[in-house]
Amino acid sequence: MAADTVTNLEPIHTFFNNLEARQTLLTTITDLNKALTTHFTNINNTLCQKSETLDAHVKIFKDKTEDALLKIQNRENALPDRESSMGARIVEMKDAAISEIESLGDLSEKSLAEVLRSYCKRMDASGLVGFIQTKRKEPTGLRMEIAAALESSVDPMRLILDAAEEFVGRKVEKKAILADRRWACDMLIQSVVPVAEGGYGAGRSLKERAARVLEKWKGVLGGGDRSSGVCAAEATMFLQLVIAFALKERFEEEFLRKLVLEFANRKDMPKLAVAFGFGNKIGDIIEELLKSGKEVEAVYFATESGLSERYPPLSLLKLSLRNCRRNANNISKKGKFSSAAVDKANSIELEATKALIKCVEDHKLEQEFTLEGLKQRVTELEQAKAKKKMGTTPENKPSKKRGRGGGTGRSSGPSTSRPVKSGRSSNATAFRSRNPPQSHQAPPIRYTGAHSYTSQSVYEAPSTVSYAPAYSGTHTQSPAILAPQYGYALQEAGVSGVRSYHGSYGGEAGYSAYDYTLTPAAPAYPPSYPPQ
């Protein structure tokens, strides 16, 4: 009986276990209900706040819209009165401008600024270019005055386009264009046209007209290089107008790039290349400049485009200096050190050295790249060039006219007639002295002094000019002046009477004797620069 009672307790335990499980579930459901109720309450509150905020914004916008509509209505109502007043103002300004122009009288008595403003107010592009043309010898402050005067014109870009169209018309009709007029057009365009990407923001009709003018101009430019008769000023003007009127897409990029490369020595070309937005292709332009030996131009392009780390200016300048020496020496050697070859080499070296000095000064690299030696070299080259000009002036040249004999009655002085020809004997030395054989001519006398360029590689150059007579007779020949690097020591010849020239460079072996009585052969001179 007791066992049956114990056995009947299991259903009770099962019931209570189920009851506890349901109680736990009920508690979980109650907590979840509370959480959901709180969450939805918060969402409702947030939506109410946002709705109120939105209603407030709508009300504000509605009020602003009503105010704007009211103002527009007021402005529309005031338009007739404003039109009348502006019309009267325009007539007044027109009368004042006409009176001012008529009151100018003789422009020669007016100041530069007044004359420029007069042409700009009248939109007289031809007269303005003509007037600027007369001021080429007085360029001081001219560009600033032009820019200030153009502000008084009705449409500066239309005035510039008028001047460019007239210039292109002359080119198309193959009329003679003076260098002064080309310079004047260039000055006018540079004074107002911004060198910046995006253009000037001209109107559609003016932009289309500019496109027609530039297309015609491109036909005149041909291939875009110097062999086509294009000058640097025209190329710069063309590129500036393409940028000013935002017409880059109308022209082939290769053509524009070719113009930039061909005239890379122009001051504005690096800025124009950046304004065209060549981007990564500027690096290719710099590479091509380096391949063509234009290291100085490459420095300007690298600096303007922000590629100085990729193309260090100091390294490019040192490379330019080495190439300058090498080119001058090669020209002299190819010309067998004739007077013309030496002069050409000196001129090339002078221009290249000046460009190098200016580049160093523009980029503030005087501390890293010393200029004392280069400036001294420029001074020596200029002095020698001046002496060469002085030695070839007409008054210093011997007269080719022969005087008449004293027995003719036309001259009372001593006879200067040509002596009687002698036979082929040793007594004809006087005639040979007056007319020495061409094969005995001395080559150009060159500097022998050493000149050191500090902080750069050794560069031997002259310190003084030395001349030596070519012959012992009374006849003297004006020698060629200042060939760089090489020095010659003049020595008397042996029995044959022929002079030989020996020279040395940088402590190297002397030059072998050169017999000028024989057919000249290719000289085997050592290089004038240290091997790289």
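Residues take their numbers from the sequence shown, with the count starting at 1. Scope of the values below: all heavy atoms of this structure, side chains included, with no hydrogens, waters or symmetry mates.
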- request: Give the intermediate values and the outcome of side chain to side chain contact (heavy atoms under 4.5 Å, CB included) for residues S339 and D343.
  value: CA-CA 6 Å; S339 177; D343 291 342; 3.7 Å; yes
message: Salt bridge check, R117 against E145: does any charged N sit closer than 4.0 Å to a carboxylate O?
response: no
task: Might you point out which heavy atoms bring V260 and F278 nearest each other, and give the distance in Å?
output: CG2-CE1, 4.2 Å
query: Can you name the side chain to side chain donor-acceptor pair (under 3.5 Å) partners of R143, sequence neighbours left out?
result: Q190
Spacing of C185 atom SG and I132 atom CD1 [to the nearest 0.5 Å]: 8.5 Å
query: With a 4.0 Å cut-off, would you call K354 and E382 a salt bridge?
result: yes
- prompt: About how many Å separate CG of D268 and NZ of K271, when rounded to the nearest 0.5 Å?
  reply: 6.0 Å
Shortest non-hydrogen contact between L365 and P313, atoms and distance: CD1-CB, 4.0 Å
- prompt: Is K218 close enough and on-axis enough to F255, meaning under 6.0 Å and within 45°, for cation-pi?
  reply: yes
query: How long is the gap from SG on C359 to CG on L316, to the nearest 0.5 Å?
result: 8.5 Å
query: How far apart are the C-alpha atoms of E215 and R212, what are their side-chain angles, what is the distance that settles it, and do they pass the salt bridge (Lys or Arg N to Asp or Glu O under 4.0 Å) test?
result: CA-CA 5 Å; E215 285 287 351; R212 292 192 298 270; over 6 Å; no
query: Any idea which heavy atoms bring A264 and L289 closest together, and the distance?
result: CB-CD2, 3.6 Å
query: So with a 6.0 Å cut-off around NZ of K171, is the heavy-atom count from everything else above 12?
result: yes
statement: Sorted by chain and residue number, the salt bridge (charged side-chain N to carboxylate O under 4.0 Å, His left out) partners of R266 (sequence neighbours excluded) come out as D186
message: A side-chain contact here means heavy atoms from C-beta on lying under 4.5 Å apart; do F245 and V213 qualify?
response: no
- prompt: Any side-chain heavy atom of L241 within less than 4.5 Å of one from L247?
  reply: no
Results of ring pair (Phe, Tyr, Trp, His ring centres under 6.0 Å) for F251 - residues two or more places apart only: F238
- request: Please tell me if the side chains of R89 and E92 come closer than 4.5 Å, counting only heavy atoms from C-beta onward.
  value: yes
field: Within-4.5 Å side-chain heavy-atom neighbours: C120 and L128
entry: yes
task: Please answer whether the main-chain N or O of Y311 pairs with a side-chain N or O of S315 as donor and acceptor at a distance below 3.5 Å.
output: no
field: Check against salt bridge (Lys or Arg N to Asp or Glu O under 4.0 Å), D180 and K135
entry: CA-CA 9 Å; D180 290 348; K135 298 296 180 180; over 6 Å; no
statement: In short, L259 meets A235 closest at the heavy-atom pair CD2-CB, 4.1 Å
message: If I compare all heavy atoms of F301 with all of A273, which pair ends up nearest, and what's the gap?
response: CE2-CB, 3.7 Å
- prompt: Among all residues two or more places apart in sequence or in another chain, which pass the side chain to side chain donor-acceptor pair (under 3.5 Å) test with D284?
  reply: none
field: Side-chain heavy atoms of I160 within contact of S191, under 4.5 Å
entry: no
statement: The complete set of ring pair (Phe, Tyr, Trp, His ring centres under 6.0 Å) pairs with one or both residues in residues 133-188, sequence neighbours excluded, reads F167-W217
query: Does a salt bridge link E349 with R325, judged by any charged N lying under 4.0 Å from a carboxylate O?
result: no
- request: Kindly indicate whether the side chain of V168, heavy atoms from C-beta on, has any atom under 4.5 Å from the side chain of L214.
  value: no
Listed partners of E173 passing salt bridge (charged side-chain N to carboxylate O under 4.0 Å, His left out), at least two apart: K175
query: Listed by chain and number, what are the salt bridge (charged side-chain N to carboxylate O under 4.0 Å, His left out) partners of E208, not counting sequence neighbours?
result: R250
query: Are L256 and E252 close enough, and set up right, to give a side chain to side chain contact (heavy atoms under 4.5 Å, CB included), and what steps lead you there?
result: CA-CA 7 Å; L256 300 176; E252 300 84 355; over 6 Å; no
message: Going by the rule side chain to side chain donor-acceptor pair (under 3.5 Å), which residues pair with R182 if we only count those two or more places apart in sequence or in a different chain?
response: E234
field: Residues L356, C324; criterion side chain to side chain contact (heavy atoms under 4.5 Å, CB included); working and verdict
entry: CA-CA 10 Å; L356 188 62; C324 170; over 6 Å; no
field: Distance-minimising heavy-atom pair for L150 and P156
entry: O-CG, 3.5 Å
- line: d(I285 CD1, M269 CE) to nearest 0.5 Å is 10.5 Å
- request: Taking side chain to side chain donor-acceptor pair (under 3.5 Å) as the test, write out the residues that go with K334, two or more places apart.
  value: none
- prompt: So does E253 pair up with K281, basic N to acidic O under 4.0 Å?
  reply: yes
Under 3.5 Å donor-acceptor, K248 side chain and F276 backbone: yes
message: Under the criterion side chain to side chain contact (heavy atoms under 4.5 Å, CB included), I'd like the reasoning laid out for D155 against L206: C-alpha separation, chi angles, the key distance, then a yes or no.
response: CA-CA 10 Å; D155 190 348; L206 190 63; 4.0 Å; yes
query: With the threshold set at 4.0 Å, does a side-chain nitrogen-carboxylate oxygen contact exist between R377 and E372?
result: no
query: Does any pair with a residue in residues 287-300 pass salt bridge (charged side-chain N to carboxylate O under 4.0 Å, His left out), and if so which ones, sequence neighbours excluded?
result: R257-E288
- prompt: Counting only N and O atoms by type, is there a donor-acceptor contact under 3.5 Å from the side chain of T370 to the main-chain atoms of E366?
  reply: no
message: Side chains of M123 and S153, heavy atoms from C-beta outward: is any pair under 4.5 Å?
response: yes
- prompt: Going from CG on D124 to CG on D162, what distance comes out if it is rounded to the nearest 0.5 angstrom?
  reply: 9.5 Å
task: Check ring pair (Phe, Tyr, Trp, His ring centres under 6.0 Å) between Y300 and all other residues, then give those that pass, not counting sequence neighbours.
output: H363
statement: One should read off an interatomic distance between M187 CE and I189 CD1, to the nearest 0.5 angstrom, of 11.5 Å
message: If the condition is salt bridge (charged side-chain N to carboxylate O under 4.0 Å, His left out), which residues does K258 pass it with, not counting sequence neighbours?
response: D225
task: Apply the test salt bridge (Lys or Arg N to Asp or Glu O under 4.0 Å) to residues R170 and E165: give CA-CA distance (whole Å), side-chain angles for both, the deciding distance (0.1 Å), then the verdict.
output: CA-CA 9 Å; R170 287 174 173 267; E165 188 172 18; over 6 Å; no
task: Give a yes or no on whether the backbone of E114 and the side-chain of S118 come within a donor-acceptor separation of less than 3.5 Å.
output: no
